[in-house]
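What you see is a predicted model, and the numbers here were worked out from it, not measured in a lab.
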Amino acid sequence: MTITAENITLTQLDKLLGDEATPVVHRALWALLWESEVRVHDLLTLDVADVGVAEGRLRAGGDQFGERAGALLAELIGERTAGPVFAVGERALTWEEAVRAAGEREIAIHAFRTGGKAHRRTLRSGEE
């Protein structure tokens, strides 16, 4: 596995999030990384109670997220009221699994967060 992308674009993100062959647990993580300032490790430790999907906000730090992440999180969480947000069966998604899923697409896991930050900077500067 060769990781080539250290940063991704909105177009690349759209393609990745639209790929329904990719489990929703990964797509939701990628969307939240893109849309928030929260680090991978911190997201992987979130409990369902930490996420206000309707408000588009992480309750712990108050970080906001957009509609795309909200829709994927709603699909991922479903009717659950407790447990890890990024669940694989009865357990939380691991760092290694998150890194591997991104790496299989030749993307470094942190590229989602850095890509989102770069995109927000561009929007603020009016360069879109």
Side-chain angles (χ1 to χ4, degrees):
M1 161 177 61
T2 302
I3 296 177
T4 58
E6 295 290 327
N7 197 357
I8 64 170
T9 66
L10 180 58
T11 302
Q12 291 168 311
L13 178 73
D14 287 341
K15 183 177 178 184
L16 290 164
L17 297 184
D19 181 2
E20 293 189 11
T22 301
V24 69
V25 69
H26 296 292
R27 293 183 291 131
L29 177 64
W30 299 341
L32 199 50
L33 283 167
W34 177 274
E35 294 180 9
S36 76
E37 295 289 329
V38 184
R39 296 176 306 157
V40 178
H41 183 287
D42 294 331
L43 290 177
L44 292 176
T45 62
L46 287 175
D47 188 87
V48 170
D50 297 329
V51 179
V53 174
E55 303 90 34
R57 183 174 299 279
L58 299 179
R59 293 188 177 120
D63 288 276
Q64 293 184 285
F65 53 85
E67 290 179 28
R68 180 175 21 211
L72 288 165
L73 286 166
E75 181 181 343
L76 177 62
I77 293 170
E79 299 297 318
R80 293 185 295 135
T81 58
V85 170
F86 297 99
V88 179
E90 298 290 318
R91 63 173 181 79
L93 181 71
T94 67
W95 166 260
E96 292 79 12
E97 291 168 324
V99 169
R100 186 177 327 116
E104 288 171 354
R105 287 141 187 95
E106 299 183 346
I107 298 169
I109 190 68
H110 66 269
F112 294 98
R113 186 168 175 240
T114 57
K117 287 174 98 170
H119 180 71
R120 288 188 295 280
R121 261 193 316 271
T122 299
L123 290 175
R124 282 193 301 270
S125 69
E127 296 175 11
E128 189 181 24

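- When atom types are taken as modelled, the side chain of Arg59 and the backbone of Val51 share a donor-acceptor pair closer than 3.5 angstrom.
- The shortest side-chain heavy-atom distance between Arg100 and Glu97 falls under the 4.5 Å cut-off.
- Listed here is the closest heavy atom pair of Asn7 and Ala118: ND2-CB, 4.2 Å.
- In this structure, CD in Glu67 is found 9.0 Å from CD in Glu35, a value given to the nearest 0.5 Å.
- Interatomic distance, OG1 of Thr45 versus CH2 of Trp95, reported as 12.5 Å (0.5 Å rounding).
- Two residues are said to be in side-chain contact when any heavy atoms from C-beta on lie closer than 4.5 Å; His119 and Leu13 fail this criterion.
- At a threshold of 4.5 Å between non-hydrogen side-chain atoms, the residues Arg105 and His26 do not count as touching.
- In this view, Arg80 and Val48, Leu76, Ile77, Ala87 satisfy the side-chain contact (heavy atoms from CB on, under 4.5 Å) rule, not counting sequence neighbours.
- The side-chain heavy atoms of Ile107 and Leu16, taken from C-beta on, include a pair separated by under 4.5 Å.
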Between Leu73 and Phe86, does a side-chain contact (heavy atoms from CB on, under 4.5 Å) hold up when you go through it step by step?
CA-CA 9 Å; Leu73 286 166; Phe86 297 99; 4.1 Å; yes
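- Relative ring orientation between Phe112 and Trp30 is described as parallel, the plane-to-plane angle staying below 30° on a 0-90° scale split at 30° and 60°.
- Considering every non-hydrogen atom in both Gly62 and Arg57, the closest pair reads O-NH1, 2.5 Å.
- The two residues Leu17 and Ala31 come nearest to each other via the heavy atoms CD1-CB, 3.8 Å.
- The two residues Arg91 and Thr94 make their nearest non-hydrogen contact at NH1-CG2, 4.0 Å.
- Put simply, the side chain of Ser125 gets close to the backbone of Thr122: a donor and an acceptor are under 3.5 Å apart.
- A donor-acceptor pair under 3.5 Å links the side-chain atoms of Arg27 to the main chain of Thr22, judged by distance alone.
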Audit row: Leu32, Leu58, side-chain contact (heavy atoms from CB on, under 4.5 Å) steps and yes/no:
CA-CA 10 Å; Leu32 199 50; Leu58 299 179; 4.3 Å; yes
Go through Leu43 and Val85 one step at a time and tell me if the side-chain contact (heavy atoms from CB on, under 4.5 Å) criterion holds.
CA-CA 8 Å; Leu43 290 177; Val85 170; over 6 Å; no
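- Environment of CZ in Arg39: sparse, with no more than 12 heavy atoms of neighbouring residues, nucleotides or ligands closer than 6.0 Å.
- The side-chain heavy atoms of Glu75 and Leu72, taken from C-beta on, include a pair separated by under 4.5 Å.
- In terms of the ring-ring contact (aromatic ring centres under 6.0 Å, His included) criterion, Phe65 has no residue partners (sequence neighbours excluded).
- Considering every non-hydrogen atom in both Ala98 and Leu44, the closest pair reads CB-CD1, 4.5 Å.
- Nearest heavy-atom pair across Arg120 and Ser36 is NH2-O, 3.4 Å.
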